[in-house]
Amino acid sequence: MAPPKVLMVAEKPSIAVSIASVLSRGKMFTRRVSTEVHEFDGVFFGSPAQFKVTSVIGHVFSVDFPPKYQDWAATDPLDLFEAQIVKNESNPKAHICRHLNQEARGCRYLVLWLDCDREGENICFEVIQSTGFNIKDTYRARFSAVTEKDVMKALDNLSTPNRDEALAVDARQEIDLKVGVAFTRYQTSYFQGKYGNLDSRVISCVPTLFCILLLLVIYLVLLRALLKASKVEALTIMDCDILLVAAYFSYGPCQTPTLGFCVQRYLQINTFKPEKFWSLHPYIIFQGYEIQLEWQRGRLFDKTVAMMFQKLVAEDGFLEVTEISEKQETKGRPVGLNTVNLLKVASSALGFGPHMAMQIAERLYTQGYISYPRTESTAYPPSFDFRGTLSAQANSPTWGSYVQGLLANGYHKPRSGTDVGDHPPITPMKSVTEDTLGSDAWKLYQYICQHFIGTVSPDCKYLRRKVEFSIGGESFHCTGHQVIAKGFTAIMPWLAINDKNIPSFTKGQKIEVSKLELYEGTTSPPDYLTESELISLMEKHGIGTDASIPVHINNICERNYVQVQASRRLVPTTLGITLVRGYQSIDPDLCLPDIRSFIEQQITLIAKGQADHHCVVQHVIQQFKQKFSYFVKKIEDMDALFEAQFSALTDSGRAMSKCGKCLRYMKYISAQPTRLYCGTCEEVYYLPPMGTIKLYKELSCPLDNFELLVCSMPGPEGKAFPLCPYCYSNPPFEGIESLINTVKNGPSGKIGKGAGMPCTLCPHPTCPNSLVSQGVCACPECSGTLVLDPLSAPKWRLCCNKCNCLVFLAQGAHRISTTKERCPECDSSVVEVDFNKKTTPLEDGSTLHRGCILCDELLHSLVEMKHGRGFRRMGSRGGRGRGGGRRGGYRGRGRGKMVDPKMSFRDF
DNA sequence: GCAAGGTC
């Protein structure tokens, strides 16, 4: 009987070769079908067997919706959450499924050599499905390196594939697909074509021959990518070179938080408020050195205090050496290089974007110059051949002599690092010259070599000397460095420590201050996020994987949400900012990194066998479905931002008042719904639908720093009231919504669109414009409060903060203001009237009079009611919320009536 | 035309 056949499948062709080479000891027959198949004879479970080792190329299948859901127009994105999903072959042209099926014929056993992570476990089941193998004839080989030792060990310890881990990946695929596609289709259908300024992204240049040629080249190179990523609508290179690209509105649980990081930094920069600070800089001249000493207090933000210390130091005049310390410090050599760190260095030091860096690294890998470039591990496997890898670099013209030194004097064992069990750190495999590789690939290869050599080099050692001084009760210091051994910094010179000499001091020595400077500086905002910082943030928050991080960054660039500028800093575009501001205004979760961690945490329950796959998927999908429905319901909030930013309205708006967040002027948009738009913060603030809006002196809201406005209703009897644009849309006090009952909610459901809290409803206890400060007494007509109209002079009047009731006071008075005093009779606010000298009704010709407009006979006689039945003194009732009591968690004049309607004038 | 994850 012929020996049984064993089919072995690896995740990629290179692993298949390595495994086959180890097991066959190099004696194998290789044929090429869809992927290579290596055949040889060997021993399996102690008996002779015929082996076939082949591979897939990553995932065999990927998930999608069935054909009936493919038509955007005919599908409600909400239905996608409940839709069945199908698995299609990832790369139909490669015929991997057919290949596996054919190779499996006649085989007795299947051994799976997929990468040892969740994705690998999932691919195991894709292979089982493709081959049609029975699970009892299927074995899983688990290995962390493709060395002889590891491969043999894995073969001796075959186990079974982990279905839970595979199901976790299935769950992730379904969730990502449904959430991403539903939001992307909905947003794109809603916004695409809606605003002219948004859809015509225009790239234009002077029509020179060079530009035409350049554009043609760009066109040819990018056409495929552009066609995939966006709709190319027109390309003209006649009189003006214009490339029109339809804006795209994709959403994804990885790409959107990635964009979120960039916009977050942009907002930090734009809302940054610089502060002045002061620092003391004493100088000494000693043994020929002029040294500026560092103050222990660092910076102070109060000039007076800083000047006080300056005086103390100046008066003393002599620094006493109080402490001299000398310590040997170590700067450790690097750990092994993983993908994320390679990408960070490529971006920050070599100027390659992550996408390009990976392309170069992949080419170096397939050409055999470096090891596998997608790895999370920074620890080398114990069996790693350091001597062999180093020896391969011994002839390099650039670092050959350094390497020879290491080989001769003994290289160091690398620092431990972390072993994730995927692939070893990225290392050079063989020596190559710049001429062979070309400039870009050489730069990356050079770094990989330097980093590897660095990991087996000695640490850098240096002496750190610190001298501390005391003067006028204040402490200062200076530090010096002296390198003892360069160590690895000899091969990685950009990490070198520079010598810094300081003179020799002796304790107790007194040195005169040669110059004393009170340095005045200003705090500055951070700069835009660098690509390298973004990669760190993504890694920290678990957004994407080593292989997909470059893809997500590339996506947000290609879709014009961010642009890469000088020093590879990522500057969000108006489109990118508006998208994120939109999510923030509706559901901030949508653009926060937690959304990814939430999904990860849920599917980990499946991977660990702690929860059922179906239940978890259902639960998570339902949660996202709810978020989606809410998003659809609130899309107008996002639309308001797009409209303000991309429609013609933005240009017509005029500057009105300052935003409290960025202190820049906001634009007033008079078209209904009237609103203010802050272009910097990308925020819309709705205003009352009626009336004229003006700046209210130059007063600001004490709560949010927004400049106040006054809204005046038309006509001589139209009321006027101040408002803060921010508080108006976002009332700051809990429960205030129930008090704003005369106005209706806008379509967004928010207090906003023409309905909100003006200052005359604000319970702020000390703001001079609040209801508490300006309210006088209860309205005789409704449940409102009569509030002093501060701009009504000389036709002094009170306006009800709810209805149209107006009450005129002493006409022609020079000034009328509220006081903190209350009428003992009716609890109304006592007002102070400064009468006009010529017309004062006061007997002795004096002008100042204080009293209650209800109980003071003089003042009450001057009161005239408009839009109301009568206005009389009502004994001890009415007024401003008896005893100033706290009712309904809210303190304010006249507010008592909200609880007890009898408190109003009207009920008498 | 959509997501994110493999790999080339």
Side-chain angles (χ1 to χ4, degrees), chain A residues 10-16 34-36 55-65 69-73 75 77 80-81 83 85 87 89-91 93-94 96 114-124 126-127 166 168-189 192-193 225-233 245-258 339 358-359 361-367 372-374 422-423 538 542-556 558-559 595-596 599-600 603 621 624:
Chain A
E11 191 157 320
K12 43 190 166 279
S14 62
I15 300 278
S34 287
T35 56
E36 285 183 333
S55 76
V56 291
I57 313 168
H59 275 288
V60 183
F61 302 108
S62 59
V63 288
D64 203 350
F65 293 106
Y69 292 98
Q70 297 297 343
D71 182 346
W72 284 42
T75 309
L80 296 174
F81 289 98
I85 53 164
K87 284 199 173 196
E89 231 180 314
S90 293
N91 183 357
K93 284 184 190 159
I96 298 295
L114 283 310
D115 290 359
C116 291
D117 52 22
R118 276 185 201 165
E119 297 296 331
E121 228 55 39
N122 187 270
I123 302 174
C124 282
E126 295 183 341
V127 172
V169 171
D170 281 344
R172 196 218 71 236
Q173 289 176 341
E174 183 169 350
I175 295 163
D176 285 345
L177 177 75
K178 290 184 169 176
V179 174
V181 174
F183 275 93
T184 300
R185 281 194 194 176
Y186 175 71
Q187 288 184 161
T188 306
S189 307
Q192 204 171 58
L226 278 168
L227 279 171
K228 252 182 110 181
S230 5
K231 257 199 288 188
V232 175
E233 287 183 341
V245 182
Y248 207 77
F249 303 81
S250 59
Y251 178 85
C254 285
Q255 60 170 270
T256 305
T258 303
T339 310
M358 279 318 286
Q359 283 177 337
E362 265 161 29
R363 206 167 65 239
L364 288 170
Y365 161 67
T366 50
Q367 292 170 342
Y372 191 63
R374 278 188 285 266
D422 49 356
H423 299 88
M538 293 175 76
I543 306 291
T545 63
D546 47 10
S548 70
I549 282 173
V551 179
H552 298 311
I553 298 179
N554 200 47
N555 276 343
I556 62 170
E558 273 193 346
R559 288 164 192 184
I595 206 145
R596 191 76 207 155
I599 297 174
E600 284 296 324
I603 64 163
I621 291 291
F624 275 104

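Here is the naming used below: chain letters follow the sequence lines, and residue numbers restart at 1 for every chain.
Nucleotides of DNA chain B nearest to A:Thr366 and A:Pro253 differ in position, and the one nearer the 5' end is that of A:Pro253. Mapping A:Ala73 and A:Ile123 onto DNA chain B by nearest heavy atom places A:Ala73 closer to the 5' end of the strand.
What separates CD of A:Glu89 from C1' of B:dG6 is a distance of 14 Å, to the nearest Å. With rounding to whole Å, A:Asn555 atom CG is found 7 Å from B:dA3 atom P. With rounding to whole Å, A:His59 atom NE2 is found 9 Å from B:dA4 atom C1'. The distance between atom CD of A:Glu11 and atom P of B:dC8, rounded to the nearest whole Å, is 9 Å. To the nearest angstrom, P of B:dG5 lies 13 Å from CZ of A:Arg374. Here the C1' atom of nucleotide B:dG1 and the CG atom of A:Asp71 are 11 Å apart, to the nearest Å. Put simply, CD1 on A:Ile603 is 11 Å from C1' on B:dG5, counting in whole angstrom units. The distance from atom NZ of A:Lys93 to atom P of B:dC8 is 18 Å, rounded to the nearest whole Å.
For A:Asp115, whose side chain is taken as the heavy atoms from C-beta onward, the closest listed nucleotide among B:dG5, B:dT7, B:dC8 is B:dT7. Side chain of A:Glu119, nearest nucleotide from B:dC2, B:dA3, B:dG6: B:dG6. Distance from the side chain of A:Val181 is smallest to B:dC2 among B:dA3, B:dC8, B:dC2. Residue A:Tyr365 has its side chain nearest to B:dC8 when only B:dC8, B:dA3, B:dG5 are considered. Distances were taken from every side-chain heavy atom of A:Asp64 (C-beta onward) to each of B:dC8, B:dG5, B:dC2; the shortest belongs to B:dC2.
A salt bridge is absent between A:Glu600 and A:Arg172: the closest approach of a Lys/Arg side-chain nitrogen to an acidic carboxylate oxygen does not fall below 4.0 angstrom. Salt-bridge check for A:Asp115 with A:Lys12: passed, with a basic side-chain N closer than 4.0 Å to an acidic carboxylate O. Salt bridge A:Asp176/A:Arg596: present, at least one basic N to carboxylate O contact under 4.0 Å.
For A:Arg596 and B:dA3, the shortest distance from a side-chain N or O to OP1 or OP2 is not below 4.0 Å. Considering only side-chain N and O atoms, A:His552 lies nowhere under 4.0 angstrom from the phosphate OP1 or OP2 of B:dA3. For B:dT7, one of the phosphate oxygens OP1 or OP2 lies less than 4.0 angstrom from a side-chain nitrogen or oxygen of A:Tyr372. Distances shown here put every side-chain N or O of A:Thr545 at or beyond 4.0 Å from the OP1 or OP2 atom of B:dA4. For A:Gln255 and B:dA4, the shortest distance from a side-chain N or O to OP1 or OP2 is below 4.0 Å.
A:Gly120 comes within 4.0 angstrom of nothing in the nucleic acid, heavy atoms only. Residue contacts for A:Phe183: at a heavy-atom cut-off of 4.0 Å it reaches no nucleic acid atom on any strand shown. Residue-level contact check: A:Val56 touches neither bases nor backbone, having no heavy atom under 4.0 Å from any strand. Residue A:Pro13 is classed as a sugar-phosphate contact, given heavy-atom separations below 4.0 Å to backbone atoms only. Among the protein residues, A:Asn122 comes within range of no part of the nucleic acid, since none of its heavy atoms lies under 4.0 Å from any strand.
No hydrogens or angles were tested; on distance alone, a donor-acceptor pair under 3.5 Å links the side chain of A:Gln70 to the base of B:dC2.
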Item to complete: List the steps and the verdict of ring pair (Phe, Tyr, Trp, His ring centres under 6.0 Å) for A:Phe81 and A:Phe624.
Response: CA-CA 8 Å; A:Phe81 289 98; A:Phe624 275 104; 7.8 Å; no
Fill in: Check against side chain to side chain donor-acceptor pair (under 3.5 Å), A:Ser250 and A:Gln255
CA-CA 9 Å; A:Ser250 59; A:Gln255 60 170 270; 2.6 Å; yes
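By the 30° and 60° cut-offs, the orientation of the rings of A:Tyr365 relative to A:Tyr372 is perpendicular.
Remark: A:Cys254 SG to A:Met538 CE distance equals 7.0 Å, nearest 0.5 Å.
B:dG1 has its base stacked against the ring of A:Trp72, the centroids being under 5.5 angstrom apart at an interplanar angle below 30°.
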